[in-house]
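Side-chain atoms are counted along with the backbone in the values below, which use heavy atoms only and exclude waters and symmetry mates. Sequential numbering from 1 along the given sequence is applied to the chain's residues.
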Amino acid sequence: MTNSYLKYLYPESNRYLSEDCKNKIVQSISSADEKTIEQILEEYDEIAFKFIDIPIKNVPSVYDSARLYVLLDYLVTRSRAGNSVLFEFDRKKSYLDFFDSSNKSFLKYLLADVLNSNPSNSRNSISNIQVDVVKGGITKIKEYMLETEKLKQLRGASALIKFANIDLTKQVVLSQSNLIPECIVYCNGGNDLLIVPAGYGKEICKELENKYSQVLLGGKFAFEYVTCTLDQALFEYKKISKIVTDKLSKRQMFKIYPTNPALSIDKLYINQTELRFEKPTVFSQQAVVCDTCLIRDAHYIVYEGVETLHLCSVCYLKYVVGMKIRHIFKEEYCTKKNISNFADIKQIDSIDEIGDYIAIIYGDGNNMGNVVMNIENIVQMTYFSRKLDRVTINSVYDAIYRYLGDELKFETVILGGDDIFIIVPAEYAIDIAKDIITSFDSAFSNAMTMSVGILITKPTVPIYSAFRIVSTLLKRAKRYIKQHKIESGSVDVEVLTGVNFDAKELNKKVIFPCEVSRLEKIKEAILSIKKNIATTKIYTFKEASEKLLPEEFGLYYLFSKARDSKLNILDSALEQVVDSRRFTYIAGYAKDKQNKIYSPWQEIVDIYDFIN
């Protein structure tokens with residue numbers, strides 16, 4: 001792994017835990033209930049801790065080092081106890097031992113060796129301990145989320161994914177005999193990684209898939225495990241991770257899901273809210289198709305105002321959860337931005353309340369797969385997964401708050417890991433996207449970057465159709481920085497005013513895609529045009545460019561410029577917006593390296609009203 005990535009897999013080296021803070025942690029843990037210990041440590045997620053008086057190449061966070069120490073203590077202690085049904089493990093004592101400077105347990109030296117990638121003699125002491133490494137989670141999240149248009153169902157799907165990924169995983173693990181929360185190495189972004197004593201892996205995978213199948217109807221998920229020694233899990237993490245990942249990929253490939261899954265539970269508890277589900281309806285006529293997904297057979301009837309909806313089990317479950325659970329992302333947004341009156345703020349009931357035109361922003365980190373593949377140990381993996389999640393969420397919420405404040409006229413469909421899928425008012429889309437990318441890139445000093453696609457359209461466009469288009473835009477934005485070897489985030493923008501979309505037309509664009517630094521220049525140029533040039537003049541040039549031959553338009557444009565000195569401002573703006581990497585700007589047109597002529601006017605007109 002290159003050094004540019006390595007520094008982001010641990011906390012900043014200049015932020016160490018002070019002795020006073022350590023004493024505060026010890027006091028808090030001593031008086032705390034075992035269930036709240038991890039909450040105490042979360043406050044120190046970004047603080048490094050030198051837990052032992054020997055050199056450590058990369059010092060981990062308080063949170064990661066303490067949790068891993070307790071997990072190792074548990075696995076070693078349990079192994080020594082054999083299969084005794086009387087085995088008990090004191091988590092609180094283990095945490096206190098970790099923070100005790102006088103404790104010179106071999107476990108601290110073992111942890112230091114893992115961080116230094118130096119097996120030494122400590123590896124031999126755990127080479128006879130067998131463990132199961134469990135990996136898995138939810139796949140095809142976007143497809144699961146976006147198969148329906150109703151906002152309640154989008155919100156319900158979000159809540160169900162988060163509930164399954166975090167709460168359900170914890171429930172399954174802790175329901176097993178004598179397992180501890182630290183066995184869950186991480187669970188976020190739809191992915192889980194567990195390390196449990198050998199013999200538990202098979203049952204946990206089976207139980208996770210069973211529980212997920214009850215709450216994620218219509219979703220895709222899978223879990224697999226491999227058995228290895230504890231020293232292999234610690235010192236050969238990349239190798240073991242690849243083995244279980246390959247096994248999981250095969251499981252995902254060949255797993256068969258029911259076409260019309262039935263709802264098998266009558267109630268569910270999410271966020272301390274009890275949700276009850278009705279019994280399915282037997283329709284007198286032959287099959288009735290679900291009104292929202294238009295895919296599966298309907299088994300439920302719900303009444304939404306004057307509208308009667310026939311819903312399949314999948315859409316019914318999402319609908320009920322979305323009706324009863326407060327929007328998880330909106331609540332998280334208000335908490336992070338200190339908006340105290342969340343309950344009193346009017347929530348939007350449909351996407352068209354966001355605005356006459358909406359912008360769908362779909363973002364994804366660049367080169368993340370390569371980073372993850374090169375992670376060398378569990379500590380790096382746990383810290384990076386949380387840091388990535390935190391940076392992404394904060395970048396999005398900060399950008400939204402800057403332009404919308406406590407006006408909750410936006411919708412968060414997917415947000416976690418390095419994935420972003422949000423819907424915002426179209427007039428703020430360029431600024432919000434620019435700020436998200438800039439914040440994300442800055443957090444990793446451009447060693448890792450974010451690209452986004454922006455589709456500006458009417459709220460009546462089907463969400464799944466919009467997703468297909470914005471996915472294409474995201475791919476183009478990513479390809480642009482890869483082709484031009486640009487170490488920053490990028491963006492592609494498309495405005496869809498009608499119902500037809502031709503992907504081939506994207507190849508005629510001369511402004512987008514672009515890197516994030518040029519996005520600000522494009523905005524400045526368009527604002528300059530709006531300030532100094534009459535809108536009718538812009539439309540006149542657009543229509544002329546469509547009717548005249550390139551040579552004829554060039555003469556017309558130069559003639560117009562000679563008669564009106566203000567058009568020099570327009571000319572400078574056009575030169576600024578046209579991508580100079582791919583084109584040369586000439587008299588109102590752009591010429592590529594093969595001397596083929598392209599027009600910038602349609603793109604300018606498209607984004608004209610959405611730059612403020």
Would you call [X]-[Y] a salt bridge at under 4.0 Å N-O?
{"X": "Glu209", "Y": "Lys255", "value": "yes"}
{"X": "Asp45", "Y": "Arg386", "value": "yes"}
{"X": "Arg15", "Y": "Glu12", "value": "no"}

Any non-hydrogen side-chain atom of [X] less than 4.5 Å from a side-chain atom of [Y]?
{"X": "Val314", "Y": "Leu263", "answer": "no"}
{"X": "Phe87", "Y": "Arg80", "answer": "no"}
{"X": "Ser30", "Y": "Leu96", "answer": "yes"}
{"X": "Leu168", "Y": "Gln214", "answer": "no"}
{"X": "Ile52", "Y": "Leu111", "answer": "no"}
{"X": "Phe410", "Y": "Ile432", "answer": "no"}
{"X": "Ser451", "Y": "Val491", "answer": "no"}

Can a cation-pi geometry be assigned to Lys318 and Tyr144, taking NZ or CZ under 6.0 Å from the six-membered ring centre and within 45° of the ring axis?
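Yes - Lys318 lies over the ring of Tyr144, closer than 6.0 Å to its centre and within 45° of its axis.
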
If you take all heavy atoms of Tyr44 and Ile25, which pair is closest and at what distance?
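Closest heavy-atom pair between Tyr44 and Ile25: CE1-CG1, 3.5 Å.
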
Any donor-acceptor N/O pair, Ser61 side chain to Asp64 backbone, under 3.5 Å
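At least one qualifying donor-acceptor pair exists.
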
Does the side chain of [X] come under 3.5 Å of the side chain of [Y] through a donor N or O and an acceptor N or O?
{"X": "Tyr397", "Y": "Glu332", "answer": "yes"}
{"X": "Thr36", "Y": "Asp33", "answer": "no"}
{"X": "Lys142", "Y": "Ser471", "answer": "no"}
{"X": "Tyr95", "Y": "Glu34", "answer": "no"}
{"X": "Ser102", "Y": "Asp100", "answer": "yes"}

Within the 6.0 Å centroid threshold, strictly below: [X] and [Y]:
{"X": "Phe444", "Y": "Phe440", "value": "yes"}
{"X": "Phe49", "Y": "Phe98", "value": "yes"}
{"X": "Tyr362", "Y": "Phe421", "value": "yes"}
{"X": "Tyr225", "Y": "Tyr200", "value": "no"}
{"X": "Phe384", "Y": "Tyr8", "value": "no"}

Step-by-step side chain to side chain contact (heavy atoms under 4.5 Å, CB included) determination, Leu230 to Leu72:
CA-CA 9 Å; Leu230 180 55; Leu72 294 176; 4.2 Å; yes

Should Asn366 and Thr449 be marked as a side chain to side chain donor-acceptor pair (under 3.5 Å) after you check the CA-CA gap, both sets of side-chain angles, and the distance that decides it?
CA-CA 5 Å; Asn366 296 309; Thr449 62; 2.8 Å; yes

Test of understanding: with salt bridge (charged side-chain N to carboxylate O under 4.0 Å, His left out), list the residues that count as partners of Lys478, not counting sequence neighbours.
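If we apply the salt bridge (charged side-chain N to carboxylate O under 4.0 Å, His left out) test to Lys478, skipping adjacent residues, the hits are Asp364.
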
Non-neighbouring partners of Lys337 that pass salt bridge (charged side-chain N to carboxylate O under 4.0 Å, His left out), sequence neighbours left out:
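Residues passing salt bridge (charged side-chain N to carboxylate O under 4.0 Å, His left out) with Lys337: Asp398.
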
